[in-house]
Amino acid sequence: MAELETRELEYFMAVADELHFGRAAVRLSIAQPALSKAIRRIENRLGVPLFVRSSRHVELTEPGKALQEHGRHALNAVAAAVRSARRAADPRAHLRLVLKPGGDAGLLSGILAAYARQPDARRVDILFSGPADRTDFLRDGRADVSLLYAPFDDLDGLAHETLHAEDRVAVVPSGHRLSGRASVRTADLDGETLPRWKGVPGGDGTGPEVADAVQLLHMVTVGRMIGMLPRSLVEPLPPGLVGVPVTDAPPSRLVLAWNEQDRRPLVASFVAAALESGLQDGRAG
């Protein structure tokens with residue numbers, strides 16, 4: 001028998017996310033005393049403290065942080081299983097593709113045309129998301145396939161196929177010390193301010209937080225930072241900015257990704273069409 005039921009895990013995750021029992025109780029639509037008792041029962045059953053509590057503060061313990069990380073994946077998996085079961089019973093289900101605006105390297109129209117020629121093609125619903133949550137759409141079943149960029153997006157637990165490989169460019173203002181160079185190496189960027197991407201942990205950025213390429217280009221224009229991005233995401237550049245190839249940066253790969261447990265014909269047909277389109281386009285690598 002599982003040590004935690006799904007409902008109990010949802011209770012824990014609400015408190016872990018909010019770090020406040022009152023707000024978590026409102027989010028769950030239950031009374032705060034009942035939530036507090038539920039959390040104590042979970043801690044007693046697991047034999048570890050999950051929170052450090054005081055009258056003004058709630059903080060996760062190390063066991064609590066571990067449960068939060070894995071618990072989110074577990075709840076996403078349950079949600080994905082439920083959605084997949086319901087969609088498998090619907091012969092008219094649409095295929096849902098998630099990507100970030102402009103994040104298709106110019107391939108999307110060709111992919112959709114190739115898929116439309118498949119005998120079992122369905123309607124494709126295109127969803128747009130921010131820089132950090134497209135993989136969540138796949139893991140919790142809100143989307144069936146996604147266009148992602150490697151090595152920037154986390155592909156753990158996702159099957160994927162490369163559709164397009166391209167170089168990366170340093171985006172700098174006109175007049176910057178590197179703007180007249182034919183190419184640079186990553187060492188040439190030492191000392192420069194690079195962005196922190198909203199919702200994306202890790203990275204080497206020390207500059208202001210940005211949510212997308214549009215915000216990044218604006219911040220480069222006003223001299224707050226420089227950026228290094230796949231060429232297709234930044235060209236054509238607006239006036240006042242220059243893109244300089246970074247010769248030793250690992251290539252960026254546009255990949256089509258899907259949940260590795262998802263073996264539905266609906267998804268397999270779209271993947272086959274995307275690969276066919278990439279071969280015809282000549283840009284897969």
Side-chain angles (χ1 to χ4, degrees), residues 1-90 93 95-96 98 127 129-146 148 152-160 197-203 257-264 266-267:
M1 181 178 178
E3 291 187 88
L4 283 184
E5 297 179 359
T6 301
R7 173 58 63 183
E8 292 176 314
L9 189 54
E10 290 174 345
Y11 288 173
F12 164 78
M13 291 299 299
V15 180
D17 290 343
E18 300 289 346
L19 292 179
H20 190 282
F21 277 82
R23 290 194 298 268
V26 170
R27 171 172 151 182
L28 295 164
S29 299
I30 65 173
Q32 182 175 336
L35 177 60
S36 297
K37 290 179 181 178
I39 295 299
R40 282 197 294 271
R41 284 197 301 269
I42 294 170
E43 290 176 316
N44 291 336
R45 193 179 313 153
L46 297 182
V48 295
L50 300 173
F51 298 98
V52 176
R53 307 162 176 83
S54 71
S55 59
R56 297 184 178 181
H57 184 69
V58 176
E59 182 179 348
L60 282 163
T61 62
E62 288 304 314
K65 292 176 183 177
L67 183 58
Q68 181 187 37
E69 177 183 355
H70 294 285
R72 196 177 308 280
H73 293 314
L75 290 179
N76 283 343
V78 171
V82 171
R83 288 190 175 104
S84 293
R86 288 173 174 164
R87 284 171 57 76
D90 182 1
L95 184 133
R96 297 161 303 175
V98 63
L127 313 174
S129 77
D133 58 355
R134 291 185 306 283
T135 56
D136 289 339
F137 274 59
L138 294 180
R139 293 187 175 105
D140 67 16
R142 283 176 288 168
D144 305 302
V145 291
S146 178
L148 303 175
F152 309 105
D153 292 309
D154 177 15
L155 299 176
D156 184 42
L158 302 177
H160 56 89
W197 290 99
K198 183 177 181 180
V200 180
W258 63 100
N259 192 308
E260 64 184 9
Q261 304 300 322
D262 192 344
R263 298 178 176 85
R264 289 174 297 155
L266 173 76
V267 171

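Residue numbers run from 1 in the order of the sequence given. Only this structure's heavy atoms are used, side chains among them; waters, hydrogens and symmetry mates stay out. Small disclaimer: the values here were computed from a predicted structure and weren't measured.
Nearest heavy-atom pair across Ala31 and Ala25 is C-CB, 4.2 Å. His20 approaches Arg23 most closely through the heavy-atom pair ND1-N, 3.0 Å. The shortest heavy-atom contact between Phe12 and Gly64 is CZ-O, 3.3 Å. Smallest separation of non-hydrogen atoms from Leu158 and Asn259: CD2-CA, 4.0 Å.
In this structure the side chain of Arg53 reaches within 4.5 angstrom of the side chain of Ile39, judged on heavy atoms. With contacts defined as side-chain heavy-atom distances shorter than 4.5 Å, the pair Leu9/Leu67 qualifies. Within the 4.5 Å cutoff, no side-chain heavy atoms of Ser146 are placed close to those of Phe137. Counting only heavy atoms from C-beta outward, the side chains of Asp144 and Trp258 never approach each other to under 4.5 Å. Residues Leu28 and Leu35 form a side-chain contact, since some pair of their non-hydrogen atoms from C-beta on lies under 4.5 Å apart. In this structure the side chain of Gln68 never reaches within 4.5 angstrom of the side chain of Leu50, judged on heavy atoms. Looking at heavy atoms from C-beta onward, Arg139 lies in side-chain contact with Asp156 at the 4.5 angstrom threshold. Between Arg142 and Leu127, the closest side-chain pair of non-hydrogen atoms is not below 4.5 Å.
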Chi angles and distances behind the side chain to side chain contact (heavy atoms under 4.5 Å, CB included) call for Arg263, Gln261:
CA-CA 6 Å; Arg263 298 178 176 85; Gln261 304 300 322; 3.9 Å; yes
Run the side chain to side chain contact (heavy atoms under 4.5 Å, CB included) test on Leu95 and Arg264 for me, step by step, so that the C-alpha distance in whole Å, both residues' side-chain angles and the decisive distance to 0.1 Å come before the verdict.
CA-CA 11 Å; Leu95 184 133; Arg264 289 174 297 155; over 6 Å; no
For side chain to side chain contact (heavy atoms under 4.5 Å, CB included), just list the numbers for Leu138 and Arg134, CA-CA rounded to whole Å, side-chain angles, deciding distance to a tenth of an Å, and then say yes or no.
CA-CA 7 Å; Leu138 294 180; Arg134 291 185 306 283; over 6 Å; no
Might you work through the side chain to side chain contact (heavy atoms under 4.5 Å, CB included) test for Leu148 and His160, ending with a clear yes or no?
CA-CA 9 Å; Leu148 303 175; His160 56 89; over 6 Å; no
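Not a single donor-acceptor pair under 3.5 Å links the side chain of Asp153 to the backbone N or O of Leu155. Remark: side-chain polar atoms of Glu43 are paired, donor with acceptor, to backbone N or O of Phe51 under 3.5 angstrom. Under the 3.5 Å distance criterion, the side-chain polar atoms of Thr135 are left unmatched by any main-chain donor or acceptor of Asp154.
Listed by chain and number, the residues in a side chain to side chain donor-acceptor pair (under 3.5 Å) with Glu62 are Lys65 (sequence neighbours excluded).
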